[in-house]
Amino acid sequence: MSRKLFTAMGAAAALSLAACGGEGAGSGSSGGGGASAPEDLSIGVSMPTQTSERWIADGNSVKEQLEAEGYEVKLQFANDDIPTQSQQVDQMITQGVNALIIAAIDGTALSTQLQAAADADIPVISYDRLIRDSENVNFYVSFDNFKVGVAQGNALLTGLGIANDDAPDGTATGPFNIELFAGSLDDNNAFFFFEGAMSVLQPKIDDGTLVVKSGQTDIEQVATLRWQQETAQKRMEDLLTGSYADGTKVNGVLSPYDGLSRGIITALQNAGYGPTTEGGANPMPIVTGQDAEIASVKLIADGVQSSTIFKDTRLLAEQAVVAAKAFLEGNEPEANNTEDYDNGVKIIPSYLLPVETVFADDIEPVLIESEYWTAEEVEAGQAAD
Ligand code: GAL
């Protein structure tokens, strides 16, 4: 699937919203009323952390796009600390923001803040991660998270040479030893990713093509609190010194996020695996990922990490801006999914974007041609600014 499709979808959504949203412009339905022009409105943007470059990119993208529309923006990152995020959101409400865009650290921890937002008529857009257990969430913008997991499962099979929907020509039959990692259990996305991946992998585990030598196949056993790289590295080290102490080799690792993948790869390298997937008695296992973080894109270019899932944060930011604008103009944002994201209290109308799997050959056509990363950044393994 090409970037052109992504852009076309974004443009179509923007156009249809513009078409139905024009009338309401200037009505200023929220934030205590009265204010109307974007210049008179401010939007609070709460992001979880700056330790992962994707969230920095998300935050900056949302800010730039909102500012381009004329809004004032209050952007905060919360250091992956729940009280910090609660306090930052509290403060935004006190400062009188007219809308909130929030990527939660813990999807269940913001109920008090969201009640305050609702009391002040402030619409809340849940960004990428669904905020749970609160009726005061107005809209959700994200990617198709189940499909992310399916893509990760397929990428693992493709990397191992096993036939799957994305690569029907695979001929490998295994058995291959794999290990499974999942994200943070307080992040609703972690469940979608894992369930999506297991929908592809479980049949191959059942028929013996794949063997999870540790026996750890429940999400609770394989989860990684706060998506921490170090935590994943430690668990991989423990697996290697435990289940693989007899010299059996790991052939593949399902990792749901590039940061975890880098921790897993470090553990594998320290145990003598790699550095490339080619040759050698101890080849680097097939390791999946997500987010196309620049350090991991370089690892993919170098043949160390096998794949990642590209989620264009510029387009997600665009959808968040489209949604915020619609609310501030007195309209409802257009949803393309009104079934799948039940936050425990109600189904949240959602706008989901598609995703794309990236192997080494896809870096140029998918990431560089779309100007997500430059060739120089991929070469250096770090963002230019
Ligand atoms: C998830 C997000 C992933 C990844 C992960 C760790 O919520 O959907 O793309 O970024 O958090 O930050």
Side-chain angles (χ1 to χ4, degrees), residues 3 6-48 54-77 88-89 91-104 117-118 120-129 131 137-143 311-336 348-353 370-372 385:
R3 275 262 315 148
F6 292 0
T7 313
M9 287 184 64
L15 275 178
S16 66
L17 279 167
C20 68
E23 291 298 299
S27 62
S29 68
S30 70
S36 54
E39 291 68 27
D40 297 327
L41 299 171
S42 72
I43 300 181
V45 180
S46 172
M47 291 284 146
R54 88 145 273 196
W55 294 115
I56 302 174
D58 283 278
N60 291 339
S61 225
V62 175
K63 184 169 192 284
E64 278 162 25
Q65 293 187 40
L66 285 172
E67 284 175 347
E69 296 284 341
Y71 298 106
E72 192 201 319
V73 179
K74 299 183 195 306
L75 167 65
Q76 299 270 343
F77 294 88
Q88 288 174 342
V89 174
Q91 201 180 19
M92 289 171 186
I93 295 169
T94 315
Q95 287 170 343
V97 295
N98 302 87
L100 281 165
I101 296 173
I102 303 174
D121 253 350
I122 301 169
V124 172
I125 297 160
S126 190
Y127 186 92
D128 197 49
R129 299 172 171 176
I131 301 176
V137 180
N138 302 86
F139 201 71
Y140 180 43
V141 292
S142 189
F143 295 86
K311 309 200 307 193
D312 193 332
T313 51
R314 298 167 299 190
L315 299 183
L316 184 59
E318 183 181 309
Q319 284 312 315
V321 171
V322 166
K325 219 173 155 229
F327 281 125
L328 291 174
E329 291 172 351
N331 299 304
E332 287 296 314
E334 179 189 291
N336 65 4
I348 310 296
S350 308
Y351 195 95
L352 305 181
L353 291 158
S370 71
E371 296 177 7
Y372 196 74
D385 38 65

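Basis for what follows: all heavy atoms, side chains included, without hydrogens, waters or symmetry-related copies.
Between L75 and N60 the shortest side-chain heavy-atom distance falls below 4.5 Å. At least one side-chain heavy atom of V141 sits less than 4.5 Å from a side-chain heavy atom of I125. A 4.5 Å side-chain heavy-atom check between Y71 and L328 finds at least one atom pair inside the cut-off. In this structure, the side chains of D128 and D58 stay at 4.5 Å or more apart for every pair of heavy atoms. Looking at R314 and S370, their side chains come closer than 4.5 Å, going by heavy atoms from C-beta outward. Taking the side chain as every heavy atom from C-beta outward, Y372 and T313 approach each other to under 4.5 Å.
Interatomic distance, CD of E318 versus OG of S61, reported as 9.0 Å (0.5 Å rounding). To the nearest 0.5 Å, atom CG of residue L100 and atom CD1 of residue I43 are 9.5 Å apart.
Closest approach of I131 to A104, counting heavy atoms only: CG1-CB, 4.1 Å. The two residues E332 and A326 come nearest to each other via the heavy atoms C-CB, 4.2 Å. Of all heavy-atom pairs spanning A323 and F139, the tightest one is CB-CD2, 3.7 Å. Looking at every heavy atom in both residues, A103 comes nearest to W55 through CB-CZ3, 3.8 Å.
With sequence neighbours excluded, no residue satisfies ring pair (Phe, Tyr, Trp, His ring centres under 6.0 Å) with F77. Listed by chain and number, the residues in a side chain to side chain contact (heavy atoms under 4.5 Å, CB included) with E72 are S42, K74 (sequence neighbours excluded). E64 pairs by the salt bridge (Lys or Arg N to Asp or Glu O under 4.0 Å) definition with nothing, not counting sequence neighbours. Partners of E69 by salt bridge (Lys or Arg N to Asp or Glu O under 4.0 Å), not counting sequence neighbours, listed by chain and number: K325. Y140 pairs by the ring pair (Phe, Tyr, Trp, His ring centres under 6.0 Å) definition with Y341, not counting sequence neighbours. When the side chain to side chain contact (heavy atoms under 4.5 Å, CB included) test is applied to N138, the partners found at least two apart in sequence or on another chain are P123, V124, F327.
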Exercise. Show your reasoning for whether side-chain contact (heavy atoms from CB on, under 4.5 Å) applies to I101 and V62.
Key: CA-CA 9 Å; I101 296 173; V62 175; 4.0 Å; yes
Exercise. Mind running side-chain contact (heavy atoms from CB on, under 4.5 Å) on R54 and L316 for me, showing each step along the way?
Key: CA-CA 12 Å; R54 88 145 273 196; L316 184 59; 3.8 Å; yes
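Remark: side-chain polar atoms of Q88 are not paired, donor with acceptor, to backbone N or O of M47 under 3.5 angstrom.
A donor-acceptor pair shorter than 3.5 Å cannot be found between the side chains of S46 and Y127.
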